[in-house]
Amino acid sequence: MKSYQTILAETQAWAQEVFKKIDNKLSQMTLRSYDKLPDGVTEDGFHKEKSINWWTNGFWGGTNHLMYMQTGNEDYLKTARRSEQKMDEALHHNVDKLHHDVGFMWHLLSGINARLYKDPESRNRNLLAAATLSSRFVLGGNFIRAWNGAWGGCSNYNWTIVDCMMNLPILYWASEEVGDDRFKRVAMAHADMCIRDHVRPDGSVVHIVEHDRETGECVKTYGGQGYEVGSSWSRGQAWGLYGFVLSYMHTKEQRYLDTAKRIANYFIANCCDDWLPRVDFRAPAEPVMYDSTAGACAACGLIELAKNLPENEGGMYMHAAVQILKAMTENFVDWDPANDHMLGYGTVRFPVDGDWKKAEVHVSIIYAEYFYTEAILKLLGMEFNPW
Ligand code: GLY
């Protein structure tokens, strides 16, 4: 296997070409969607929104921040800041509806604005979001509780989900920022629970775990957004993969890097010859159902994993990231700047009762586009870690 640096060097021309097309498309989209917090795209191809507390509301602004960093085009910065301002309604007026995904919602908006441009109001917002997340930590059980209320008819009082690994960076940031490791301790306790209860010995991950509230012990697992109990929902794999790399980058604890490698090895072993990510690695082979969100997030994790390993060992992970990105670019992307649909073939969940018509399947999803953009910028040498 070539070293990751050789692979990176060989990929530059391709990545530059792709980035030009991303910019060509997003520079139009940012004008149309300046005032939106989009989650996806309507049937006629334009951004659509969900509620103000929806967990994906930070991704559009986050994409715009990355685009401004790379291009200097002020339109992107204006849209990113507009997203952050709009989100004040959720942070200041809807706090009991907030949930474990506040890292996704603010760290790419206020977090980036605070870190790169030293905005004191953004710093304050991000600290509030971090405090909200750490307040969800359950003493005794030692986990960060997922969601609110009930899910699919079950009480989720003692549930954790692997997705939450991606929300931990806002806690690492908050500890650095206030010079007190209390947020970091919460993050690490949750990450350690996740190694114990969400990551199986073979590197596959469990989406939902129900715990004993006093001891933290796993009492039950659920298939969640995957195919069934015991299956392997590919976006969950990606959340775990990138989430553990990020926990390693923030703490330098070897066990997080080792866990990321275990999940990555399983992910790569389950990529089909075409490198196009399926929704669940343990679902029946037919019908073939893709999820570009899993591919894009996993690609970011694989690139960072490669960069945190010795040059030769990292080659395998960089190779996999590039193959996934090239396959998705070839098969899933629409470069027409007249619509808001860039990376298609995202799938929100494996359909309940196998009814694909009821599910959001093979659609354009905002976080697929965010992670795709982040991954291409990483290939082009972006040093800044948005997380
Ligand atoms: N965090 C929710 C999802 O991945 O759909």
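Every number for a ligand or one of its atoms is a count from 1 in the order of the listing.
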| task | Give a yes/no on ligand 1: does F104 have at least one heavy atom closer than 4.0 angstrom to it? | result | no
| said: For ligand 1, which is the ligand I care about here, please tell me if W55 has any N or O atom under 3.5 Å from one of the ligand's N or O atoms. | reply: no
| field | Any donor-acceptor N or O pair under 3.5 Å, side chains R125, N113 | value | no
| query | Taking the inter-plane angle between the rings of W239 and Y367 on a 0 to 90° scale, is it parallel (under 30°), tilted (30 to 60°) or perpendicular (over 60°)? | reply | tilted
| task | Anything under 30° is parallel, anything over 60° is perpendicular, the rest tilted; go ahead and classify F371 against Y242. | result | perpendicular
| query | Got more than 12 heavy atoms from elsewhere within 6.0 Å of CD, Q254? | reply | yes
For ligand 1, which atoms, with element, lie under 4.0 Å from some heavy atom of [X]?
X: R235; answer: 3 (C), 4 (O), 5 (O)
X: W233; answer: 3 (C), 4 (O)
X: D163; answer: 1 (N), 2 (C), 3 (C), 4 (O)

| message | Out of the candidates K184, R123, K118, R182, only one should pair with E177 under the salt bridge (charged side-chain N to carboxylate O under 4.0 Å, His left out) rule; please name it. | response | R123
